[in-house]
Number of protein chains: 2
Amino acid sequence: MDTKSRIIDIATSLFQKKGYLGVGLNEILKACNISKGSLYHHFPNGKEELLIACLHSLNEAITTHMEEIFQNYPSTQAATQAMIEELIVQYDRDGMITGYTFSSIVSEMGSLSEPVRNACDQSFTNIQEIYSNKLIADGFSKETTDSISLMMTASIEGAIMLCLTKKTSDPLKMISQVLPNLLNSY
Amino acid sequence: MDTKSRIIDIATSLFQKKGYLGVGLNEILKACNISKGSLYHHFPNGKEELLIACLHSLNEAITTHMEEIFQNYPSTQAATQAMIEELIVQYDRDGMITGYTFSSIVSEMGSLSEPVRNACDQSFTNIQEIYSNKLIADGFSKETTDSISLMMTASIEGAIMLCLTKKTSDPLKMISQVLPNLLNSY
DNA sequence: CCCTCCATACCAACCGGTCTGTTTTTAAAT
DNA sequence: ATTTAAAAACAGACCGGTTGGTATGGAGGG
């Protein structure tokens with residue numbers, strides 16, 4: 001794997017763990033075993049450019065992974081539960097959730113950097129669209145689809161936040177149980 | 001108002017806007033028009049002690065405010081919609097939501113400082129309990145109450161995050177429309 | 001020879017925090 | 001009521017360390 005991709009991968013993980021401001025350049029350099037010159041060769045505009053590259057990479061990883069899940073399950077409900085189950089397994093194993101959430105980035109940088117905010121916006125939109133497509137396939141109306149997909153995006157994101165706060169995967173488990181009720185209520 | 005309370009108020013707002021690491025001590029000092037000596041007189045353990053004081057203050061403000069709303073409305077549904085409406089008004093006016101969310105703090109500091117994480121946990125628990133009490137009063141069963149109140153906490157928190165990301169209050173509006181469906185599905 | 005890639009020394013700015021000294025307030029003693 | 005001592009509150013210089021970022025130079029392959 002080439003250096004640039006390795007930097008992005010490692011930095012992505014670090015940013016997700018500790019937030020943008022929580023990670024220093026030196027920490028990234030050490031984790032990647034590279035020098036400052038190398039980093040600034042691949043990312044001439046510095047840390048923020050790296051962050052945006054990480055967000056794009058993360059966005060693609062999430063999208064492809066979710067699409068794979070949503071292809072392999074017959075209904076929105078089944079796919080969603082499988083996806084949440086994966087998040088739970090990952091949390092119980094690693095004590096954190098990488099490769100899905102970027103709330104920390106948004107809340108830190110959303111008001112400071114438009115490019116960063118846009119990248120996060122794009123990711124949320126993609127996620128919600130995956131829900132929407134499956135809901136449409138399930139036969140829901142356009143309006144209902146918009147409502148449910150947004151509710152799913154928001155509640156799962158919120159549940160992840162609650163898991164990190166409460167140091168347990170219970171919130172995600174509970175959401176996974178509640179979402180079917182929402183789907184059946186339409 | 002005494003100096004210490006003023007520091008807490010101003011710092012709380014700054015922390016919510018820019019996150020913990022995004023605000024420097026000097027910025028706080030300038031905003032409060034005080035000196036470093038004064039700050040360290042009131043908070044001998046420095047920045048983190050100040051943050052925790054802010055979280056406690058915020059927790060109390062949220063709790064009392066929500067309890068007031070939930071007393072003045074007959075049902076969970078009405079109270080929740082009124083509360084979300086307030087959030088929307090505030091967002092459309094100020095472009096941000098202060099006095100409710102602390103996701104930024106959790107995602108930055110949750111894994112670094114146990115006291116901070118505990119303070120945030122306490123706040124989430126309090127919020128959820130306000131929902132729960134009203135739901136019980138509405139006649140929901142204990143189990144159902146736990147599910148719904150968690151769903152409400154998570155989805156509203158997530159919706160706030162989406163509002164900040166997308167720079168529109170639409171997500172909160174949508175959640176406000178969807179939540180009644182959830183309540184009626186039990 | 002040039003261009004990609006990397007390494008390192010260096011920089012000003014800022015970080016949170018400490019220290020010392022001064023002002024202001026409080027309260028007890030006369 | 002006045003004096004006085006102690007304590008609370010505040011001001012600002014100073015500190016080591018770190019931050020993100022730059023400039024320069026070298027290695028290596030086409």
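Naming convention: chains lettered A, B, ... in sequence-line order (proteins, then strands); numbering from 1 in each chain.
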* Sequence neighbours excluded - salt bridge (charged side-chain N to carboxylate O under 4.0 Å, His left out) pairs with any residue from residues 79-96 of chain A ->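 Residue pairs passing salt bridge (charged side-chain N to carboxylate O under 4.0 Å, His left out), neighbours aside: none found.
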* Given A:D138, which of A:T145, A:N133, A:T76 fulfils the side chain to side chain donor-acceptor pair (under 3.5 Å) condition? ->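 Option passing the side chain to side chain donor-acceptor pair (under 3.5 Å) with A:D138: A:T76.
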Spacing of [X] atom [atom1] relative to [N] atom [atom2], expressed in whole Å:
X: B:K30; N: C:dG16; atom1: NZ; atom2: P; value: 14 Å
X: B:L39; N: C:dC15; atom1: CG; atom2: P; value: 14 Å
X: A:F43; N: C:dC6; atom1: CZ; atom2: C1'; value: 14 Å
X: B:M109; N: C:dG16; atom1: CE; atom2: C1'; value: 13 Å

* Which class fits the ring pair B:Y186 and B:F140: parallel under 30°, tilted 30 to 60°, perpendicular over 60°? ->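 B:Y186 and B:F140: perpendicular rings.
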* Classify every nucleotide of nucleotides 6-20 of chain D by which part a protein heavy atom approaches to under 4.0 Å, writing B for the base, S for the sugar-phosphate alone and - for neither, in 5'-to-3' order. => --SBBBB------SB
* Asked: Under 3.5 Å, is there a donor-acceptor pair between the side chain of A:N184 and the main chain of A:P180?
  ->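 Here the side-chain-to-backbone pair exists.
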* To do: May I ask you to decide if A:M96's main-chain N or O and A:K17's side chain share a donor-acceptor pair within less than 3.5 Å?
  =>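 Not confirmed, A:K17 side chain does not pair with A:M96 backbone.
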* To do: Check the pair A:L183 / A:T80 against side-chain contact (heavy atoms from CB on, under 4.5 Å), numbers first and verdict last.
  => CA-CA 11 Å; A:L183 289 168; A:T80 306; 5.7 Å; no
